[in-house]
Amino acid sequence: MNFCFFSVSAAETTSRPRKPCNCTKSQCLKLYCDCFANGEFCNMCNCNNCFNNLEHETERLKAIKTCLDRNPEAFKPKIGKGKEGESDRRHSKGCNCKRSGCLKNYCECYEAKIMCSSICKCIGCKNFEESPERKTLMHLADAAEVRVQQQTAAKTKLSSQISDLLMRTTPVISSGSGRLPYTFLTKEVVEATCECLLDKARRAEQTDQLTSEAERLILEEFGHCLMNIITSAGKAKADSASINC
DNA sequence: GAGTTTGAAACT
DNA sequence: CAGTTTCAAACTC
Ligand SMILES: [Zn+2]
Ligand SMILES: [Zn+2]
Ligand SMILES: [Zn+2]
Ligand SMILES: [Zn+2]
Ligand SMILES: [Zn+2]
Ligand SMILES: [Zn+2]
């Protein structure tokens, strides 16, 4: 629904997007910092007293040496895995979880989307192939993914139909009155809007228990749709007016 | 957004 | 090596 096509411009033209860190006490020179741990400089991060940059080259190299001294494999390909002959995707050291059941992102195995293995020393692990808890979680996860995709699809459809209609009908609209052209309320737009709202309703039905809250969300979404239509109609009128003058 | 929970990394 | 502390992120409300 929002027409921002220019959002991904300056950020990652060359490198893949990395989540910015928020370190405050490590100066991004310890493995606590994900940027540093991945052998990368901090870029577009929210850290304080960051030394993980070219301006602190000396300190940085010193820190790297310290880490390497503690663990020579500290900066190795990480999750030691890949298709190395037989070695499946395995965590190099295994996790040591005690309270997460290895089914939350606290667990490095789960975070890497891999099963725990024999080298893990976790307690109460539910992150193994046959685990019912794990399967349930997976189901819920991709169900949510489907819902998001449906919502996105509905919004895209509505947007495209509105702009489509804008192209097709703009030259014809020339009513000089102060009213907006109601020709926008076509079958297509109404259907797309209903689809959008229905999708929102289905989503709310499964997440929010409170009916009043669900109604509020749907109404809010309707407001967005209506705003989009009104704005488009207004633009069309303005355009046709400028053409006539 | 504030506060809590968690486990890797660091330290002793 | 084991026990403790520190840390930043994941999570909860
Ligand atoms: Zn950092
Ligand atoms: Zn960073
Ligand atoms: Zn930093
Ligand atoms: Zn784990
Ligand atoms: Zn594990
Ligand atoms: Zn586990």
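The shown structure was predicted, so the numbers you read here are calculated from the model rather than taken from an experiment. Letters A, B, ... are given to chains in the order of the sequence lines, protein chains preceding strands, and every chain is numbered from 1.
Residue A/Lys121 is classed as having no contact, given no heavy-atom separation below 4.0 Å to the nucleic acid. As judged by a 4.0 angstrom heavy-atom cut-off over every strand, A/Cys95 is placed among residues touching the sugar-phosphate backbone only.
Using a cutoff of 4.0 Å between basic side-chain nitrogens and carboxylate oxygens, A/Glu129 and A/Arg134 are scored as salt-bridged.
Distances shown here put every side-chain N or O of A/Ser100 at or beyond 4.0 Å from the OP1 or OP2 atom of B/dT5. OP1 or OP2 of B/dA9 has not a single side-chain nitrogen or oxygen of A/Asn71 nearer than 4.0 Å. Between A/Lys104 and C/dT12 there is a side-chain polar atom (N or O) within less than 4.0 angstrom of OP1 or OP2.
Comparing B/dA9, B/dG7, B/dA10 by their closest approach to the side chain of A/Arg99 singles out B/dG7. For A/Ser26, the side-chain atoms get nearest to C/dA8 when compared with the rest of B/dA10, B/dA8, C/dA8. Residue A/Lys93 has its side chain nearest to B/dA9 when only B/dG7, C/dT12, B/dA9 are considered.
Using bins of under 30°, 30° to 60° and over 60° for the plane-to-plane angle, the ring pair A/Phe36/A/Phe75 lands in the perpendicular bin.
The nearest whole Å value for the distance from the CG atom in A/Asn96 to the P atom in C/dC1 is 12 Å. Put simply, CG on A/Asn46 is 17 Å from C1' on C/dC7, counting in whole angstrom units. Across the protein-nucleic acid pair, A/Glu111 atom CD and C/dC11 atom C1' stand 13 Å apart, rounded to whole Å. What separates OH of A/Tyr106 from C1' of C/dA8 is a distance of 11 Å, to the nearest Å.
Residue A/Lys30 is the one, among A/Lys30 and A/Tyr110, whose nearest nucleotide of DNA chain C lies closer to the 5' end (criterion: closest heavy atom).
Counting heavy atoms from C-beta on, the side chains of A/Cys28 and A/Cys35 never come closer than 4.5 Å.
A/Asn49 places no side-chain N or O within donor-acceptor distance of the main-chain N or O of A/Lys25, the cut-off being under 3.5 Å.
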